[in-house]
Amino acid sequence: MAMRKPAQPTTSRSRAWRWFHRFGSPAYFYFFAGRWAPRFGHLAVAFFLAGLYFGLVVAPPDYQMGDSYRIIFIHVPSAWMSMFIYVVMAVSAGIGLVWRIKLSHAVARSCAPVGAAFTFCALVTGALWGKPTWGTYWIWDARLTSELVLLFLYVGYMALLAALDDWKTGSRAGAVLALVGLVNIPIIHYSVEWWNTLHQGATITKLGRPSIDIRMLVPLLIMFAAVNFYFLAAMLNRVRCELLDQERRTRWVQEVVNG
Amino acid sequence: MVRTSASARKPSPWTVFRVSVTRDLAVAWRHLHEGTHPLLFFILTVSLFPLAAGPDPVFLRQLAPGILWIAALLSTLLVLDSLFRTEYEDGTLEQILTSAHPVVLIVLAKVAAHWILSALPLVAVSVFLGMMLNLPAHAYPAMVLSLLVGTPAMSLIGAIGAGLTVGLRRRGLLLALIVMPLYVPILIFGAHAVQSSIVQANWVSPLLLLGAILVLSLTLAPFALVAALKTSLH
Amino acid sequence: MHSSPLPQAVRKTGFSGPARLEGREIECIRGHACLFSNLEFALESGTALQILGANGTGKTSLIRIITGLTEADQGTISWNQVNIRDPGAAYAGHFSYLGHRNGLNDALTPRENLHYLGKLEASEPWLGIGDSLEQFEIGNCLNIPCARLSAGQQQRVALARVYRSPARLWVLDEPATALDAPAIGILAEIMTRHLLAGGLIVYTSHQAIDLGPVTARWLQL
Amino acid sequence: MAEFFEMGGHGFFIWTSYAVTALVLLHGYLAPVLRRKNLIRQLGSPDRGPGTK
């Protein structure tokens, strides 16, 4: 993918480069992301493979659940990332709303699909883990239910952005919704936990973490790193699309596009 | 800017709040036929459940809290769409946002008027619908109180969704899609308060938690609502 | 209407102290098109500014930027040297805005509408509801729901609201729409009187509004 | 090697969950890359369509 960059300044700082030096400027970030997204991507792949190897080959089967517990190496990181990305999205959107920074709106918009993807993965892997462990695909466990509500929050955010055609108005409206959602997440989580302990107080069906011995903890940590790198790579790719789309009138985009 | 004329009294924000509420009630009074829609929807929805789930009173009693609360939630959602609609279209919303008084108060007055019009009749009717669902006598206080505390919180949070979507021409169910996940805690605590009062367990603590959510919504939601309206009118 | 000329309610106490509205390097982008940029204007008390431009050149956007409803992509608007976006600016009490939508609820009567909208002002309006409607010769429509008034009558009610407002700066977006010739005459009359009392007016209009002996400026978009 | 895929009888569940996650994440990374290429081509070509996303 021969990505053409504007001519490197040979002489002293030429006009073409003047706008590059404010880090927040979309142009600078576009090329910064262009360099770093693939690197994060490669790191993510490397860590995934390492995680898979340690998780599926090295880690011993659990004395109780046998091999089915190996799904946690993908379920727990996904669940954690889904929550973490929502926080990143809301904070970035809030910064964009308060300080009127177009770049942080672009970052917030780019986080949502990645976060929703992780939430979906967490739900699917949670269900697939439930079948061998509790015999049913869906159990109204506190964490799975919270994930489900989180998925609805993501879907609501993305639906609002899709409905508002003006990019700026959409970003600001989405920011308000993301911040309201952020305030509600702990309340939702607590109320679902509270609801869960009430209705199923007797049977402890929490997604109990199996006794973590070192050979099981290592793959989990590797997977955490992998999903974080993946998040950065995927999000930066999306930010590049947003910037290209929004800054189509500016000269640096013309240079990028016409090479 | 020194104003010398005698009538320079500055109306206090609370008179503006009172005037806004009375104005909204007057407008609703002129369209009274529209005001009954949430009530009729509530009654209709509740009466559908026995048709679907069977008339067995013991079974209905178990379902009663869920039925009543979900019906209340849906009828609140139904009305939210029109909360700012008329004001947006005739330009009053622009006057409110450019008003000299704290916009938060005026907007809070609008949500209060909306709550009085849509939720109070709902709570009154819920007593009769409770009978329909074979709700035991000792559960009525919990039901009425939980609805009284829960519906304003739903109106406040829902108003933010209404504020975000007021500028859209084709809204459809976007408002419900945005707001419903935020209703989960209210639904859980509200329905559970009624449930535990049926089995004569401690129904006060879920009610207090619902009250906590109401207080949180009262303090934070109006500011988010003003921000939402400003982005919609941008 | 009435045969004998009405006592023209004149604002007995004019506005005191200097007032200045200015815009610096205003830029407005809609979608991907830049409507205008590096726009400068300034306005002192007693002067009117008419914004001229074909349809779609951003006249309404500039008006909404001046009221603060819309935020300019670049540049600042300041009232008495204070940026209107500063938290402590208290700019809202000093201007009265009339947009394309007249701000009147159809179900309410002009009396109720003006009473409600008057309460949104910074201080009590200086003119009674009945008198302000008399100015526009629609005193007889006081208690008729606005839904049954014609567009011209509704516009007169909206202008009555602006006229009785204590605000010093009027921001009017096409105030003469739907008005007949006599009404435009009354509009010109009250605008001139507002300027002579030390007020400021920023307005757009496709119809000619003859303001008489008043300093007026134009801003071509 | 066979028992590796057997995973103590839970092979189906483990491999499906990894496959689903891998697919979803792969799509999440590649979709924006493709979209960016289309954008560049669309913005570059003279008969640029209306400024829709």
Side-chain angles (χ1 to χ4, degrees), chain B residues 1-35 84-103 105-107 109-110 113 167 226-227 229-234, chain C residues 11-19 45 61 64-65 67-71 79-80 90-109 112-113 115-128 145-147 154 158 161 164-168 171 173 198:
Chain B
M1 182 182 90
V2 172
R3 292 291 298 127
T4 50
S5 63
S7 70
R9 258 185 315 95
K10 180 174 168 54
S12 83
W14 289 110
T15 48
V16 178
F17 183 90
R18 184 175 42 76
V19 165
S20 293
V21 174
T22 41
R23 180 254 188 198
D24 286 340
L25 294 181
V27 169
W29 188 257
R30 302 275 159 79
H31 296 301
L32 199 54
H33 56 280
E34 262 174 44
F84 296 115
R85 177 58 44 195
T86 42
E87 278 71 26
Y88 176 80
E89 270 150 14
D90 63 28
T92 317
L93 205 53
E94 284 167 347
Q95 296 303 325
I96 290 174
L97 284 178
T98 54
S99 155
H101 295 283
V103 181
L105 263 179
I106 305 169
V107 155
K110 198 154 276 304
V226 171
L229 287 172
K230 282 195 170 128
T231 52
S232 293
L233 262 76
H234 184 52
Chain C
R11 189 190 293 272
K12 281 175 266 341
T13 54
F15 297 104
S16 56
S45 68
S61 297
R64 289 177 70 93
I65 287 172
T67 62
L69 280 172
T70 307
E71 206 196 316
W79 168 257
N80 294 344
Y91 171 60
H94 294 291
F95 75 91
S96 182
Y97 168 58
L98 175 61
H100 290 305
R101 306 186 185 106
N102 53 31
L104 304 174
N105 186 293
D106 282 349
L108 298 177
T109 66
E112 289 157 343
N113 268 312
H115 172 67
Y116 170 66
L117 294 171
K119 281 283 185 266
L120 298 180
E121 302 285 355
S123 55
E124 281 299 322
W126 67 278
L127 190 61
C146 288
Q154 287 192 17
R161 179 212 17 118
R164 71 190 290 260
S165 143
R168 185 162 193 178
V171 184
D173 198 353

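Throughout, a chain's letter reflects where its sequence line sits, starting with A, and its residues are numbered from 1. Computation of the quantities below employed the complete heavy-atom set of this structure, encompassing side-chain atoms and omitting hydrogens, waters and symmetry-equivalent molecules.
Contact count against chain C (heavy-atom pairs under 4.5 Å) is highest for Leu233(B) among Leu233(B), Thr15(B), Ile106(B). Ranked by heavy-atom pairs under 4.5 Å with chain B, the first of Asp106(C), Asn105(C), Leu117(C), Leu104(C) is Asn105(C). Of the listed residues (Leu97(B), Thr92(B), Val16(B)), the greatest number of heavy-atom pairs within a distance under 4.5 Å of chain C belongs to Thr92(B).
For Phe95(C), the part lying under 4.5 angstrom from a heavy atom of chain B is the side chain only. Heavy-atom distances place no part of Leu93(B) under 4.5 Å from chain C, backbone and side chain included. Contact annotation for Glu121(C): only backbone heavy atoms (N, CA, C, O) come within less than 4.5 Å of a heavy atom of chain B. Heavy atoms closer than 4.5 Å to chain C are found nowhere in Thr22(B), neither backbone nor side chain.
Distance check, rounded to the nearest 0.5 Å: CD1 of Ile96(B) to CG of Leu105(B) gives 12.0 Å. Between the OH atom in Tyr97(C) and the OG1 atom in Thr98(B) there is a gap of 8.5 Å [rounded to 0.5 Å].
We find that Lys230(B) and Glu71(C) are not joined by a salt bridge, their nearest charged nitrogen and carboxylate oxygen being 4.0 Å or further apart.
Closest approach of Ala100(B) and Ala122(C) over heavy atoms only: CB-CA, 3.5 Å. The two residues Leu25(B) and Ala113(B) come nearest to each other via the heavy atoms CD2-O, 4.2 Å.
Arg161(C) forms no cation-pi arrangement with Tyr116(C), by the criterion of a distance under 6.0 Å to the ring centre and an angle within 45° of the ring axis.
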